[in-house]
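Shown next, in structure tokens, is the structure this report addresses.
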Amino acid sequence: MRWSQTFIPTLKEAPKDAEAVSHQLMLRGGFIQPLSSGLYIYLPLGNKVLDKVSRVIREVLGEYGAIELSMPALQPKSIWERSGRWETMQDIMMKIRDREEKEFILGPTHEEIITDLVARRVFSYRQLPLNFYQIQTKFRDELRPRFGLVRAKEFIMKDGYSFDLSPAGAEISYQKMYEAYFKIFHRCGMPVEAVQADTGAMGDGGKSHEFIVLTPIGEDMVVKCFSCGYSANLELAERKPKGVPEKQEGDKSHELVHTPNARTIEEVSAFFNAQVWKFIKTLIYIADENEKLAVLIRGDYEVNEIKLKRYLKCQQLRMATPGEIEKATGASVGFAGPVQLNRACRLIADLSLSTLSQAITGANKTDHHYQHVNPGRDFEMNEMADIGTAMEGDACVRCGSALNLKRGIEVGHVFFLGEKYTRKLDAKVVMQDGNESHLVMGCYGIGVSRMLSAIVESNHDGQGIIWPVSVSPFEVIITPVDFSDERTRVESLRIYEALKIQNVDILLDDRDERPGFKFKDADLIGIPIKVIIGKKGLDKNIVEILLRKDGTKTEVPLDKAVQTILETKRLCLEKLNG
RNA sequence: CGGGAUGUGGCUCAGCUGGCUAGAGCGCUGCGUUCGGGACGCAGAAGUCGGAGGUUCGAAUCCUCUCAUCCCGACCA
């Protein structure tokens, strides 16, 4: 491709709306153009990268026996009612009606559709296992789109769905995809890690891993232990709380203190002039609308509702309303405490209470707190569990080393779904023994458009993007120093044509611009292999080959240029595959 | 949906204690000089000052409402 014949609107300065580096660089490099919040035009360059990423995905999934199909983005509401997800996913679905007032949604994902397909067209165990995937536009009514392509209302996703005869078979499918994902992300030049994750509205709390690229703009928090390798999403990361920072004083018995208008931890700690870890926070929850719980946690920790939900094995969990709290504790909001509360509801204590004594708690009496409260002595602690959100410095449950918290972008997610959808949508086959059996499912997503952001976040420098050659919009760029110079033009075109024949995806900057201008543009859009052809070199019968990544420069004789470029490309690709 | 910020040529921004034909840099068009890391000169085109209402002799500037965008939070595959 010649630069003058494509459309690459570069910008010297980044539009002020872009904060994230990846967003800025993709805007400046002419990869995307915003249409509205969370909606982007993929310009020719951005579109090419999407194609390249999709190509890598297709290649790898092909190796693993997955088959591609395409499904409607527009889906009838009824199928979502059948699966029960109309209820659970309503808020994020884009809803529309046709002229007959029939209700539709723009699909946020396709589990229902694929399962229905399998239910209708697959009848025998002989046809299984099956592993389908699609690369398509999906829609979510995001509360807040962010960081360019990281979180958009309309985005491109690869979604895969496996169907097996047994949990054991599904386990194998899951493992295969897990492996394939590493291959895909590595080939795209992304340092990715798999972390244990929550299944959210997708599954039933079964096995699930997220693939995360660590970056400061990530939306997900990952808990990582560098010594034993444990890593999990903060949403479910296990941890051993750190002990309290100071020695506990004496063994005074608990004592009622008048604390007018001190409700929040800040207000109460100011009142007592005590550190937050001296407090026991007492939170009242309602599980599945029928059980009232008091959850106790040390003042410096937060309750992790996902962990709590898993511990309770309940479907729904919510904080109690002020009215319910008053009813349970006999005090207005802000003065709940564990002492004598077990008469009103079940007490669940977080592990962080285990090293605490002489604590401060609400007294279940408006405007009063207790001090010198000892867990176990002043209230029973029959149930202790790890239900707090992990913090930097907590100990790893496996090896005891300190845990680290990192931000990352979720680029992939694999779920073991079991029979959740196949039962609801009645996808079953006749087995060898003649009996019918529901299929066991897994699903596997990759945020394709989001991957562009993630790749740029982990592959850039002060000058611009540095695309891994596997996904770069062009593999090689030829920058003639002065294209109007006869000899330069002839040699540039000769090499350009020769490389094209060799299937090199190549961009020739044939613009009538000053060299510095062209060099800057080339670096900004991030083409990994740069070829510079100019009079100076031609006088010595050489051209220069530079690597965008580290700037290494090789001068090669004219007649070796094509061969050397091919070799350079091969080496770059090899590194990504290895 | 709560908190914060910002809206002035395509992009970045100045002007904002009210005062004449609204400015700069980059970009764009033409001409000339240049040409190995975002050149220079001259000439030019381009702005409903986000929108509506109000105060005033007079509003980009003050007030009210509204819309849009971004950031933090809530939520989320």
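Annotation: A68(B) and A52(B) have their C1' atoms spaced 15 Å apart (nearest Å). Here the separation of U48(B) from G23(B), taken at their P atoms, is 14 Å to the nearest Å. Distance noted for atom P between G30(B) and C72(B): 43 Å (whole Å). Look at the P atom in both C16(B) and C62(B): the space between them is 10 Å, to the nearest Å. G37(B) and G18(B): their C1' atoms are spaced 48 Å apart (whole Å). For the P atoms, the distance linking G3(B) with A45(B) amounts to 47 Å, nearest Å. U29(B) and C63(B) have their P atoms separated by 42 Å, with the value rounded to a whole Å. Across the C1' atoms, C11(B) and G38(B) are found 14 Å apart, a figure rounded to whole Å.
Base pairing annotation: A68(B) forms a Watson-Crick or G-U wobble pair with U6(B), both donor-acceptor distances under 3.5 Å.
Using a 4.0 Å heavy-atom cutoff across all strands shown, Tyr444(A) reaches no nucleic acid atom at all. Using a 4.0 Å heavy-atom distance criterion, Gly447(A) is classed as making no nucleic acid contact.
Contact check, Arg144(A) against C1(B): no side-chain N or O comes under 4.0 Å of OP1 or OP2. Within the 4.0 Å cut-off from OP1 or OP2 of U69(B), at least one side-chain nitrogen or oxygen of Ser36(A) is found.
Arg450(A) forms no cation-pi arrangement with Phe147(A), by the criterion of a distance under 6.0 Å to the ring centre and an angle within 45° of the ring axis.
Note on ring orientation: taking the six-membered ring where Trp is involved, the planes of Tyr178(A) and Phe182(A) are perpendicular (angle over 60°, cut-offs 30° and 60°).
Nearest to the side-chain atoms of Arg450(A) among the listed nucleotides A77(B), G38(B), C11(B) stands A77(B). Across C70(B), G38(B), G37(B), the shortest atom-to-atom separation from the side chain of Ser37(A) is found for C70(B). Here the side chain of Glu544(A) is nearest to one of G36(B), U69(B), A74(B), namely G36(B). The side chain of Gln463(A) approaches G37(B) more closely than any other nucleotide in the set A77(B), G36(B), G37(B). When the nucleotides C70(B), A77(B), C35(B) are ranked by their closest atom to the side chain of His413(A), A77(B) comes out on top. Considering only side-chain atoms of Asp17(A), the nucleotide from C70(B), G38(B), C71(B) that sits closest is C70(B). Across C70(B), C11(B), G36(B), the shortest atom-to-atom separation from the side chain of Pro15(A) is found for C11(B). For Lys16(A), whose side chain is taken as the heavy atoms from C-beta onward, the closest listed nucleotide among C70(B), U12(B), A77(B) is U12(B). Comparing A77(B), A74(B), G36(B) by their nearest atom to the side chain of Glu410(A) picks out A77(B). Across C71(B), A77(B), A74(B), the shortest atom-to-atom separation from the side chain of Leu143(A) is found for A74(B).
Under the ring-ring contact (aromatic ring centres under 6.0 Å, His included) test applied with Phe31(A), the options Tyr42(A), Phe7(A), Trp467(A) reduce to a single match, Trp467(A).
Rounded to a whole Å, the NZ atom of Lys535(A) is 12 Å from the P atom of U34(B). The CG-C1' distance, from Asp159(A) to A77(B), rounds to 9 Å in whole Å. When the C1' atom of C35(B) is taken as reference, atom CG of Asp485(A) falls 11 Å away, rounded to whole Å.
From Ile533(A), atom CD1 reaches atom CG of Asp509(A) across 11.5 Å, with rounding to the nearest 0.5 Å. We find the NZ-CG distance between Lys530(A) and Leu547(A) to be 9.0 Å, quoted to the nearest 0.5 Å.
Remark: the Asp521(A) side chain and the G38(B) base include a donor-acceptor N/O pair separated by less than 3.5 Å. If you check distances only, the side chain of Glu13(A) does reach the base of G25(B) with a donor-acceptor pair under 3.5 Å.
For the 3.5 Å distance criterion, the side chains of Glu410(A) and His413(A) qualify, holding a donor opposite an acceptor.
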